[in-house]
Amino acid sequence: MIERIDVAVFGAGRIGTIHAGNLARHAGARLRYVVDVNAAAAHTLAERHGARTSSVEEALADPAVGAVMICSSTDTHADLILRAAAAGKAIFCEKPVDLAVERARACADAVREAGVTCMIGFQRRFDPTFAALKQRLDAGEIGTPEMLVITSRDPAPPPHSYIAHSGGVFKDMLIHDFDIFRWILGGEAVSVHATGGCPGLPDIAAAGDLSHTAVTLRTSTGALCQINTSRRAAYGYDQRFEVLGSHGLLQAGNVRPTQVIAWSEQAISSDKPEAFFLERYRDAYALEIEHFFDALSNGTPVRTTIEDGIKALELAELATQSWRERRALSIEA
């Protein structure tokens, strides 16, 4: 018999629902509590998986709970990490750790002092296509990586109410791309230059944010990364990147509902990319939760640590500063 880890999930929204379903399918985990300020949503999710609703205090005080999954709003992440670490629980937390770098660092200190596992939800590292590219890159297939180009575009902008409290596009949206940059090139940035605008989307500009961005990063080896993002792509959720190396090129393309391509006298056509992130990263979400509980069961390190979360947040902060000051920023070692 496999000894299962009892889990409390904080947040019963769309990502909490996805993660709860994936952990419920893992032989080494059991959903015990669902916590959400929306009592109806918490009850529905708990009932679906044979769990019960509770308060944060009750869940953290239960010695049977070995791990928590933080899937609630960004403004709750840091407080829940601190409280879970103090209670000695293993932690899985969605990005970002917090919108403030200093607060995120305080969370890392608490996790370190408590000696608990803390994994940050950078699910793109677990995407099968992205992971296969990384494996081939590390095997030396294209020699030394020299340039990474990331395209990341949402199908439609979020509502104005979300934009106003998101922390800005660099922390809310590009934080995943900053993590991909660090993961794929295997180094840290020594310079950041960010620019952006809101062509055709005045509501986003009125909220003080950007709808379109272009970011250039450079590593200490001289390798470059260009990230282009948009909050609106009429054709679907566009997620792809390519790595140019000294001996060739590796590309990771979009995922489509089917891979059927139609050829006719008029055109050659295929399905558009998946509708949005829940569909695009369906497999990645399942694989990252499998990794988290396997790591806890085997006592092995997790791949995406709270330090990774802080590094990505620091780049987002620097990109925000670069955009506001309209200049490239050098990063001290």
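Please read all numbers here as calculations on a predicted model, not as lab measurements.
- For the pair A312 and I175, the tightest heavy-atom approach, listed with the atom from each and the gap, is CB-CG1, 3.6 Å.
- Counting heavy atoms from C-beta on, the side chains of L278 and R14 come closer than 4.5 Å.
- Distance OG/S230 to CG/D238: 9.5 Å, rounded to 0.5 Å.
- Nearest heavy atom pair, residue A189 against residue L217, reads CB-CD2, 3.9 Å.
- Between N228 and R153, the side chains place a donor N or O and an acceptor N or O closer than 3.5 Å (distance only, hydrogens not considered).
- A59 approaches A8 most closely through the heavy-atom pair CB-CB, 3.9 Å.
- Comment: R256 does not engage E274 in a salt bridge, judged by the lack of any side-chain N to carboxylate O separation of less than 4.0 angstrom.
- With sequence neighbours left out, the ring pair (Phe, Tyr, Trp, His ring centres under 6.0 Å) criterion links F276 to Y237.
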Dump the intermediate steps for salt bridge (Lys or Arg N to Asp or Glu O under 4.0 Å) on R83 and E57, then the final yes or no. CA-CA 9 Å; R83 295 172 69 177; E57 292 76 14; 2.9 Å; yes
D6/R4 under salt bridge (Lys or Arg N to Asp or Glu O under 4.0 Å): CA gap, chis, key distance, verdict: CA-CA 6 Å; D6 282 359; R4 292 191 290 183; over 6 Å; no
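- With sequence neighbours excluded, no residue satisfies ring pair (Phe, Tyr, Trp, His ring centres under 6.0 Å) with H212.
- No donor-acceptor pair under 3.5 Å is formed between the side chain of T216 and the backbone N or O of C225.
- Using a 4.5 Å cut-off between side-chain heavy atoms of Ile, Leu, Val, Met, Phe, Trp and Tyr, with links allowed through other members, L174 and I204 fall into different hydrophobic clusters.
- With side-chain heavy atoms closer than 4.5 Å counting as contact, directly or through intermediates, the hydrophobic cluster containing I268 also holds I261, W263.
- Using a 3.5 Å distance cut-off with no hydrogens or angles, the side chains of Q239 and T151 do not pair a donor with an acceptor.
- A salt bridge links R280 with D127: the closest approach of a Lys/Arg side-chain nitrogen to an acidic carboxylate oxygen falls below 4.0 angstrom.
- Hydrophobic clustering of Ile, Leu, Val, Met, Phe, Trp and Tyr side chains at less than 4.5 Å, counting indirect connections, unites I184 with F181.
- Taking 4.0 Å as the cut-off between side-chain N and carboxylate O, E279 and R282 do not count as a salt-bridged pair.
- Contact of the T74 side chain with the L99 side chain is registered, since non-hydrogen atoms from C-beta on lie closer than 4.5 Å.
- The main-chain N or O of A223 is found under 3.5 Å from a side-chain atom of T219 such that the two form a donor-acceptor pair.
- Note that CG of D98 is 7.5 Å distant from CG of L313, once rounded to the nearest 0.5 Å.
- With sequence neighbours left out, F122 forms a ring pair (Phe, Tyr, Trp, His ring centres under 6.0 Å) with H176.
- Cluster note: L296 groups with I5, V7, V9, L23, L31, V34, L45, M69, F92, M119, F126, L287, I289, F292, F293, V302 through ILVMFWY side-chain heavy atoms spaced under 4.5 Å, whether in direct contact or through intervening members.
- Side-chain contact between Q321 and R327 is present, with at least one heavy-atom pair separated by less than 4.5 Å.
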One pair to check against side-chain contact (heavy atoms from CB on, under 4.5 Å): Q251 and R240. What are the steps and the verdict? CA-CA 8 Å; Q251 292 181 324; R240 50 197 162 89; over 6 Å; no
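- Under a cut-off of 6.0 angstrom, the local environment of NE2 in H43 is sparse, with at most 12 non-hydrogen atoms contributed by other residues, nucleotides or ligands.
- Between the side chain of K134 and the backbone N or O of W183, at least one donor-acceptor pair lies under 3.5 Å.
- In this structure, Q123 and H19 have side chains that are not in contact, with every pair of non-hydrogen atoms separated by 4.5 Å or more.
- D36 contributes no side-chain N or O that, together with a main-chain N or O of A39, makes up a donor-acceptor pair within less than 3.5 Å.
- For S166 (side chain) and I163 (main-chain N/O), a donor-acceptor pair under 3.5 Å exists by modelled atom type.
- Looking at heavy atoms from C-beta onward, V35 lies out of side-chain contact with S55 at the 4.5 angstrom threshold.
- How far CD1 of I15 is from CD of E94: 4.5 Å, rounded to the nearest 0.5 Å.
- No donor-acceptor distance shorter than 3.5 angstrom exists from the side chain of S191 to the backbone of S330, with no hydrogens or angles considered.
- Note that the NE2 atom of H77 and the CG atom of L82 stand 13.0 Å from one another [nearest 0.5 Å].
- The shortest distance between side-chain heavy atoms of E288 and R125 does not fall below 4.5 Å.
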Derivation and outcome, salt bridge (Lys or Arg N to Asp or Glu O under 4.0 Å), residues R303 and D308: CA-CA 9 Å; R303 288 187 217 161; D308 291 317; over 6 Å; no
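- Within the structure, the salt bridge (charged side-chain N to carboxylate O under 4.0 Å, His left out) test picks out the following pairs touching residues 61-73 (sequence neighbours left out): R32-D62.
- For CD of E325, the number of neighbouring non-hydrogen atoms (other residues, nucleotides, ligands) closer than 6.0 Å is greater than 12.
- Within the 4.5 Å cutoff, no side-chain heavy atoms of I18 are placed close to those of F277.
- At a threshold of 4.0 Å, the pair R232-D154 does not count as salt-bridged, since none of the basic side-chain nitrogens sits closer than that to a carboxylate oxygen.
- For H160, the NE2 atom counts as densely surrounded, since its 6.0 Å shell holds more than 12 non-hydrogen atoms of other residues, nucleotides or ligands.
- Looking at K89, its side chain does come within 3.5 Å of a backbone N or O of V65 through a donor-acceptor pair.
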Test salt bridge (Lys or Arg N to Asp or Glu O under 4.0 Å) on D172 and R231 and set out the steps. CA-CA 11 Å; D172 175 54; R231 289 194 181 273; 3.5 Å; yes
Using side chain to side chain donor-acceptor pair (under 3.5 Å), reason through N298 and T300 one step at a time and then give a plain yes or no. CA-CA 5 Å; N298 298 325; T300 53; 4.9 Å; no
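- A salt bridge does not link E307 to R105: none of the charged side-chain nitrogens sits closer than 4.0 Å to a carboxylate oxygen.
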What verdict does the ring pair (Phe, Tyr, Trp, His ring centres under 6.0 Å) test give for F130 and F241, after you've listed the backbone C-alpha separation in whole Å, the side-chain angles of each residue and the deciding distance to 0.1 Å? CA-CA 9 Å; F130 291 176; F241 64 80; 4.7 Å; yes
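- Side-chain contact check for D294 and H26: at least one donor-acceptor pair (N or O, by modelled atom type) lies under 3.5 Å.
- Taking the charged nitrogens against the carboxylate oxygens, R124 and D177 do have a contact shorter than 4.0 Å, which makes a salt bridge.
- The line from CE of M147 to CG of L224 is 4.5 Å long, rounded to the nearest 0.5 Å.
- Distance check: E242 CD to Q226 CD gives 10.0 Å after rounding to the nearest 0.5 Å.
- In this structure the side chain of T117 never reaches within 4.5 angstrom of the side chain of I91, judged on heavy atoms.
- Contact detail for T129 and A252: the closest heavy-atom pair is CG2-CB, 3.9 Å.
- Within the 3.5 Å criterion, the main-chain N or O of A316 finds a donor-acceptor partner in the side chain of T320.
- In the hydrophobic clustering of ILVMFWY residues, with side-chain heavy atoms under 4.5 Å counting as a link, V97 and L315 come out apart.
- The cluster map of Ile, Leu, Val, Met, Phe, Trp and Tyr, joined by side-chain heavy atoms under 4.5 Å apart, puts V215 and M173 in the same cluster.
- Side chains of T229 and T213: a donor-acceptor N/O pair is present below 3.5 angstrom, by distance only.
- Note on I142 and L133: same hydrophobic cluster, where clusters join Ile, Leu, Val, Met, Phe, Trp and Tyr whose side-chain heavy atoms are under 4.5 Å apart, directly or indirectly.
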